[in-house]
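Values below: all heavy atoms of this structure, side chains included; hydrogens, waters and symmetry mates excluded.
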Amino acid sequence: MGILKSDGTGRRLDGDLGDGDRAFDGTVGDEEIRDALHGAIDKFFDRISGKSKADGAEASLDGGVSGSAAGAASSPAALDLPAMMRRLAEVGEPAWGRYILANDMLRDKIDAAEGDEMAARAAECGREWAARARERYGTNRPGEIAAKLGIAVADNPAPVSGRRALFAQYLPGSGDDARIEVLADPLNRYGTLRERLIAQASGAEGSDGGNGGNDSAADGVADLEHLLPTVARVRTLLLAHELFHAIEDRNEADIYTRTATIRLWKVFGKENRSTVRGLGEIGAGAFARELVGAPFCPFALDVLLMWAYAPDNARALYRQVLRFDE
Ligand SMILES: [Zn+2]
């Protein structure tokens, strides 16, 4: 799960991969690993970079400076992270589906009604597999399920840099060395940010002079703790998201998110169809939410984790999501 292009290059499925339960056979190179993206936001960055530069912000994540702490504190009047998370928790599933599909490479080929229907089915597919996994493995912990599937889980210490904001990824490997990596950097940054926001809120009684100050500070802290999930919860959601991609890989012959297709063209009775990568992302989000439980759609993590790098980019993502929730 991460914010990258979703142009479908993550893996090539045109070849005959044969039996459905076989793990991915490694026909892609490192550059093409199935990155578990759901956002397509690399393209999104392309679209907003001009605007960001005009704002004096750097669309690239390398700059980093505007990241973690600075953004929220320096512009208190601006849309802050807790406010965005509060609003995002109200965004309905159809809107999230449109957000994901709007960033898919094939977005222009997907009719709106067809897209809504496919997104709904993909989400349902994710939930069904979550229930199935829970029943079969007797746990809702994605790490335990991954272990039972022979998938290693590791933290990747690499810094997030460049234009990609990658939060976690599923690496199919060559069959018996499949693994899920969760990037430590975004989680560390978010953890620091969360602690700082909560510490600020708990110190708020000093500024409003006495009576009731402690109560309101306590309310503020409780509010933040509710709106901003713990690092452990975020990590579990990311892990669950990737776990769905592993499950897709192993069931690609019949899982909806890998078998549903749209028509690209039809000429004289001959047609060409394609799977839609975004459906896997929608399925992964629904799977994670169903398995782990969350008061918000896991795609809100795009905004949450992006904030620690570049608040302006996080706000832009937020606005993009809300456009689909009208
Ligand atoms: Zn994904």
| note | The salt bridge (charged side-chain N to carboxylate O under 4.0 Å, His left out) partners of Asp111 (sequence neighbours excluded) come to none
| query | Can you name the residues that form a salt bridge (charged side-chain N to carboxylate O under 4.0 Å, His left out) with Glu90, not counting sequence neighbours? | reply | Arg87
| side-chain hydrogen bond (donor to acceptor under 3.5 Å, both in side chains) involving Arg289 - partner list, sequence neighbours excluded | none
| task | Please report the shortest heavy-atom distance between Asp325 and Gly92, naming the atom on each side. | result | OD1-N, 3.8 Å
| remark: Residues passing the side-chain hydrogen bond (donor to acceptor under 3.5 Å, both in side chains) test with Thr230, sequence neighbours excluded, are none
| field | Side-chain donor/acceptor of Asp104 to backbone N/O of Gly278, under 3.5 Å | value | yes
| Are any side-chain N or O atoms of Arg179 and backbone N or O atoms of Leu171, one a donor and one an acceptor, separated by less than 3.5 Å? | no
| query | Has Arg134 got more than 12 heavy atoms of other residues, nucleotides or ligands less than 6.0 Å from its CZ? | reply | yes
| field | Partner residues of Asp219 under the salt bridge (charged side-chain N to carboxylate O under 4.0 Å, His left out) criterion, sequence neighbours left out | value | none
| query | Do any N or O atoms from the side chain of Lys109 and from the backbone of Ile262 form a donor-acceptor pair under 3.5 angstrom? | reply | no
| Distance-only, no hydrogens or angles: does the Arg258 side chain make a donor-acceptor pair with backbone N or O of Asn251 under 3.5 Å? | no
| With sequence neighbours excluded, what pairs up with Asp177 under the side chain to side chain contact (heavy atoms under 4.5 Å, CB included) test? | Ser174
| message | My understanding is that only residues two or more places apart in sequence, or in another chain, count here; which of them pass side chain to side chain contact (heavy atoms under 4.5 Å, CB included) with Thr259? | response | none
| For Arg127, all residues meeting side-chain hydrogen bond (donor to acceptor under 3.5 Å, both in side chains), sequence neighbours excluded | Glu93, Glu124
| field | Inter- and intrachain pairs under side chain to side chain donor-acceptor pair (under 3.5 Å), touching residues 112-121, at least two apart | value | Arg98-Asp116
| request: Return the minimal non-hydrogen interatomic distance between Gly97 and Ala119, and the atom names on each side. | output: CA-CB, 4.1 Å
| message | Treating Asn140 as the side-chain partner and Leu291 as the backbone partner, does any N or O pair qualify as donor plus acceptor under 3.5 Å? | response | yes
| What pairs with Arg263 under side-chain hydrogen bond (donor to acceptor under 3.5 Å, both in side chains), at least two apart in sequence or on another chain? | Glu271
| task | Please say whether more than 12 non-hydrogen atoms of neighbouring residues, nucleotides or ligands are located less than 6.0 Å from CZ in Arg273. | result | yes
| said: List the residues meeting side chain to side chain contact (heavy atoms under 4.5 Å, CB included) with Ala260, not counting sequence neighbours, and say none if there are none. | reply: Met118, Tyr256, Leu279
| said: Closer than 3.5 angstrom, by distance alone: can the side chain of Arg250 be matched with the main-chain N or O of Leu149 as a donor-acceptor pair? | reply: yes
| message | Going by ring pair (Phe, Tyr, Trp, His ring centres under 6.0 Å), name the residues that satisfy it together with Trp96, two or more places apart in sequence or in a different chain. | response | Tyr99
